[in-house]
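Accompanying notes for the structure given below.
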Amino acid sequence: MIVTFTLLRYPARGWYPAFANMGRWVMRPFQAEGLQFQKMMGCGRNFGLIPDLSAYVFLGVWADEQAARLFFESDRWRTLCKSTKEVGTLYMNPLRSHGAWDGQNPFDVASPSRSTGFPVAVLTRATLRLAALPDFWRHIPQARQRLKAHADDLLLAIGVGEKPFTQQCTVSVWKDEKTIDQFAYRQSGHKEVVRLTRERRWYSEELFARFAVVGSEGTFSGKPLLPETVL
């Protein structure tokens, strides 16, 4: 299995074709050999409530890397990318995953493993309970500041979502698993948020996954998606 995470950036005034592409995908999701799971999602500005109408994300789960690359050479994908300013893709191998996304775990692996020398991506996805929305979004600025405190170890971080406000997903890429463990298990602020999610039952569905980032190509925000030195 290979997982691709593609960021598509459109010109500042190109929000209409970007939004139209999202609508076309909703009406007719991609069909490709080896494509096992897919999502097209919008981006939020700085993990916040304000949408970034110039940026979208396509996530795909594939039988193998060849299937992914064949699709990225297809006419339909090239048509979608035609109006973009830049495109960047991460290629990732699942290490561990638990929870559900639309009732299934698309990244399920036979046994959990650890990365061996590759950067590590962390994906969290949740459907929020309506009653929990004010409480959840009130804590987002604090979570954003905690990520900034680890800027030296954090290679990429982006907040995306399927539906505004209620279905949220974050992807962050770290230098290695050691730095993730330090953030997740030793950083008191992060542990506090995890505790709150359980106590206050913010989510009706949630998924957490880690991946080894085995490849990166293209750009986003005017620079390589990941520094060449880390791969």
Side-chain angles (χ1 to χ4, degrees), residues 2-62 67-92 101-102 106 121 123-128 130 133-134 136-137 140-141 143-144 147 155-173 205 207 215-226:
I2 194 83
V3 177
T4 57
F5 184 81
T6 302
L7 290 147
L8 303 106
R9 172 75 69 184
Y10 291 80
R13 297 184 180 276
W15 64 269
Y16 178 78
F19 191 74
N21 283 334
M22 181 77 166
R24 293 187 188 100
W25 178 86
V26 170
M27 297 296 295
R28 187 167 68 94
F30 297 129
Q31 293 184 350
E33 185 173 352
L35 180 57
Q36 302 171 347
F37 183 85
Q38 59 180 306
K39 287 292 178 181
M40 186 75 79
M41 297 176 283
C43 295
R45 294 184 182 178
N46 203 22
F47 285 87
L49 287 167
I50 301 175
D52 182 350
L53 297 178
S54 69
Y56 289 84
V57 162
F58 172 68
L59 182 143
V61 180
W62 310 85
R69 292 192 177 278
L70 284 174
F71 171 73
F72 290 142
E73 294 174 359
S74 68
D75 290 340
R76 188 174 179 196
W77 179 255
R78 288 177 175 175
T79 298
L80 183 142
C81 295
K82 188 176 181 180
S83 302
T84 57
K85 180 180 179 181
E86 53 186 351
V87 178
T89 298
L90 298 178
Y91 292 83
M92 310 185 296
W101 192 333
D102 290 347
L123 181 149
T124 63
R125 186 270 177 184
T127 298
L128 280 71
L130 293 179
L133 290 180
F136 172 83
W137 285 107
I140 290 301
R144 186 166 57 233
L147 280 175
L155 303 174
L156 175 72
I158 188 167
V160 298
E162 300 163 75
K163 294 181 180 178
F165 312 125
T166 61
Q167 291 185 332
Q168 299 299 308
C169 176
T170 66
V171 172
S172 57
V173 181
E205 183 184 61
L207 180 142
S216 173
E217 58 189 29
T219 64
F220 195 71
S221 297
K223 57 184 180 180
L225 195 55
L226 288 186

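As a basis for the values below, the full set of heavy atoms in this structure was taken, side chains included, without hydrogen atoms, waters or symmetry mates. Every value quoted in this text rests on a predicted model; they were computed, and no experiment measured them. One-based numbering along the sequence shown.
The distance from atom CG of Leu80 to atom OH of Tyr56, rounded to the nearest 0.5 Å, is 11.0 Å. Note that CG of Asp75 and NZ of Lys82 are 11.0 Å apart. Values are rounded to the nearest 0.5 Å. Atoms CE and CG, from Met22 and Leu53 in turn, are 11.0 Å apart once rounded to the nearest 0.5 Å. Going from atom OG1 of Thr89 over to atom CG of Leu8 covers 7.5 Å, rounded to the nearest 0.5 Å. Atom-to-atom distance recorded for Thr4:OG1 and Phe71:CZ is 8.5 Å, nearest 0.5 angstrom. Distance CG/Leu225 to CG/Leu156: 5.5 Å, rounded to 0.5 Å.
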Side chain to side chain contact (heavy atoms under 4.5 Å, CB included) for Glu205 and Gln167? Distances and angles first, verdict last.
CA-CA 9 Å; Glu205 183 184 61; Gln167 291 185 332; 5.9 Å; no
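Scored by the side chain to side chain contact (heavy atoms under 4.5 Å, CB included) test, Pro29 finds Trp25, Gln38 as partners (sequence neighbours excluded). In this structure Gln36 satisfies the side chain to side chain donor-acceptor pair (under 3.5 Å) test with no other residue, sequence neighbours excluded. When the side chain to side chain contact (heavy atoms under 4.5 Å, CB included) test is applied to Gln31, no partner is found at least two apart in sequence or on another chain. The side chain to side chain contact (heavy atoms under 4.5 Å, CB included) search around Tyr16 returns none, not counting sequence neighbours. Applying the side chain to side chain contact (heavy atoms under 4.5 Å, CB included) rule to Thr79 yields no partners; only residues at least two apart in sequence or on another chain are considered. Taking the side chain to side chain donor-acceptor pair (under 3.5 Å) definition, one finds that Ser74 meets it with nothing, sequence neighbours left out. Residues passing the side chain to side chain donor-acceptor pair (under 3.5 Å) test with Ser216, sequence neighbours excluded: none. Residues forming a side chain to side chain donor-acceptor pair (under 3.5 Å) with Tyr10 (at least two apart in sequence, or on another chain): Asn21. In terms of the ring-ring contact (aromatic ring centres under 6.0 Å, His included) criterion, residue partners of Phe72 (sequence neighbours excluded) are, by chain and number, Trp77. By the salt bridge (charged side-chain N to carboxylate O under 4.0 Å, His left out) test, Arg24 pairs with no residue at all, sequence neighbours left out.
Residues Tyr91 and Arg69 form a side-chain contact, since some pair of their non-hydrogen atoms from C-beta on lies under 4.5 Å apart. Side-chain atoms of Leu59 and Val160, non-hydrogen and from C-beta on, never get closer than 4.5 Å to each other.
Every pair tested for salt bridge (charged side-chain N to carboxylate O under 4.0 Å, His left out) that includes a residue from residues 83-92 fails, sequence neighbours excluded, so the list is empty. Sorted by first and then second residue, the salt bridge (charged side-chain N to carboxylate O under 4.0 Å, His left out) pairs involving residues 27-40 (not counting sequence neighbours) are Lys39-Asp102, Lys39-Glu162.
Of all non-hydrogen atoms in Ala67 and Gly34, the two that sit nearest each other are CB-CA, 4.1 Å. Considering every non-hydrogen atom in both Ser83 and Pro11, the closest pair reads O-CD, 3.2 Å. Taking each heavy atom of Leu35 and Gly60 in turn, the nearest pair found is CD1-CA, 4.2 Å. Of all heavy-atom pairs spanning Met41 and Cys169, the tightest one is SD-CB, 4.2 Å.
Residues Thr84 and Arg9 bring no donor and acceptor atom of their side chains to less than 3.5 Å of each other.
At most 12 heavy atoms of other shown residues, nucleotides or ligands fall within 6.0 angstrom of atom CZ in Phe19.
For the side chain to side chain contact (heavy atoms under 4.5 Å, CB included) test with Met92, the passing option among Val3, Leu123, Val61, Val171 is Val3; the others fail.
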